[in-house]
Amino acid sequence: MGSARAFFIPAAAVAALLTVSGCSDDKPTAQASPSKKASPSELAHYTAAPDPTAPTETATTAAPTECVKTTGMSVEKLTAYLKELPNSSGAYQSKGLTLDSSGLNFTPEAFQRPCKAATVKLARYWVEFEKTREETAVSPASYEYEYSPISVTSVKAGPKDGRVPDTAPPAGSDCQGSLSVVYLGEDIPLRYLSSDLELTDTTAPVPVDVVGDGVLSALYVPPISLVSC
């Protein structure tokens, strides 16, 4: 268990908490382009699959697209590459490898995507809440929370776009939320996990920051209720 984190939440916010519900070998790829362009020795080519929605009057072959060879990259270099890999949507600061309510998604832009699937780690934790002070006429109730490990697994993302199976974050429950972290390298000590989680009037999963050089993405799922804590 990590050290307890404490914060206050207004009674109105507690009452408003609602319920929320929570591709594998050589499928979705987790990768982010490095801050600098890949060197020529790291570039290879693959042929993109034809768009099934495109006209099929004549058979055509897609033009080769450059990909990045990640085999042999150090943890530091691979982490930088995956962190910077942009999303195919083109949205500002969008990432090609992210966690959301459905799990780990790999949707990078076509240029400089990895040639092979990238293996990353997915750690999950329960976030256990406990009431430390009742609400009064002049102050809100206060709560502390601690982390409890659930599991750590290795999953493959890429090189094709898609969602990695079985990576959806655990759903919250009474007095219990969850935290999911995708990372590379050494396992993350509990003391490095987020110490400023917030309780709001929604139970929708939210991205959070987790300290660690190898951290790629982290997602917090709030508890559905704090009434019985």
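Just so it is clear, the values below take in all heavy atoms, side chains as well, and ignore hydrogens, waters and symmetry mates. This structure is a prediction, so every number in the text was calculated from the model and none was measured.
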Exercise: identify the closest heavy-atom pair between Val221 and Thr203: CG1-O, 4.5 Å
So, for Lys156 and Ala117, which heavy atoms are closest and what is the spacing to 0.1 Å? CB-CB, 4.1 Å
Kindly indicate, with the supporting measurements, whether the criterion side chain to side chain contact (heavy atoms under 4.5 Å, CB included) is fulfilled by Val68 and Met73. CA-CA 11 Å; Val68 175; Met73 277 190 181; 3.8 Å; yes
Look at the aromatic rings of Tyr125 and Tyr147 and report parallel, tilted or perpendicular, splitting at 30° and 60°. perpendicular
Student check: side-chain heavy atoms of [X] and [Y] closer than 4.5 Å:
{"X": "Leu226", "Y": "Lys131", "answer": "no"}
{"X": "Cys115", "Y": "Lys69", "answer": "yes"}
{"X": "Leu104", "Y": "Leu122", "answer": "no"}
{"X": "Ser217", "Y": "Lys83", "answer": "no"}
{"X": "Val120", "Y": "Val155", "answer": "yes"}

Side-chain ([X]) to main-chain ([Y]) donor-acceptor, under 3.5 angstrom:
{"X": "Tyr220", "Y": "Val127", "result": "no"}
{"X": "Ser194", "Y": "Asp196", "result": "no"}
{"X": "Asn87", "Y": "Lys95", "result": "yes"}
{"X": "Ser180", "Y": "Arg124", "result": "no"}
{"X": "Ser101", "Y": "Pro205", "result": "no"}
{"X": "Arg113", "Y": "Cys67", "result": "no"}

In Å, rounded to the nearest 0.5 Å, how long is the span from [atom1] of [X] to [atom2] of [Y]?
{"X": "Thr119", "Y": "Leu78", "atom1": "OG1", "atom2": "CG", "answer": "9.0 Å"}
{"X": "Thr167", "Y": "Leu99", "atom1": "OG1", "atom2": "CG", "answer": "7.0 Å"}
{"X": "Cys229", "Y": "Glu130", "atom1": "SG", "atom2": "CD", "answer": "8.5 Å"}
{"X": "Leu184", "Y": "Lys77", "atom1": "CG", "atom2": "NZ", "answer": "14.5 Å"}
{"X": "Thr107", "Y": "Leu97", "atom1": "OG1", "atom2": "CG", "answer": "8.5 Å"}

I'd like to know whether the aromatic ring centres of Tyr143 and Phe129 sit less than 6.0 Å apart in this structure. no
Any pair counted as salt bridge (charged side-chain N to carboxylate O under 4.0 Å, His left out), so long as it reaches residues 177-188, sequence neighbours left out: Lys121-Asp187
If you link ILVMFWY side chains whenever their heavy atoms are less than 4.5 Å apart, which other residues fall into the same cluster as Trp126? By chain and number, please. Ile150
Checking Ser139 against Arg133 for the side chain to side chain contact (heavy atoms under 4.5 Å, CB included) test, could you report, in this order, the C-alpha distance in whole Å, the side-chain angles of both residues, the deciding distance, and whether it holds? CA-CA 9 Å; Ser139 64; Arg133 188 178 65 191; 4.0 Å; yes
Listing, residues 171-179 side-chain donor-acceptor contacts under 3.5 Å, not counting sequence neighbours, or none:
from, atom 1, to, atom 2, distance (Å)
Ser173, OG, Gln176, OE1, 3.4
Gln176, NE2, Glu128, OE1, 3.3
Gln176, NE2, Glu128, OE2, 2.7
Ser178, OG, Pro170, O, 2.6

Can you tell me if Ser142 and Thr132 form a side-chain donor-acceptor pair at under 3.5 Å? yes
Do you see a donor-acceptor pair shorter than 3.5 Å between the side chains of Asp100 and Ser102? yes
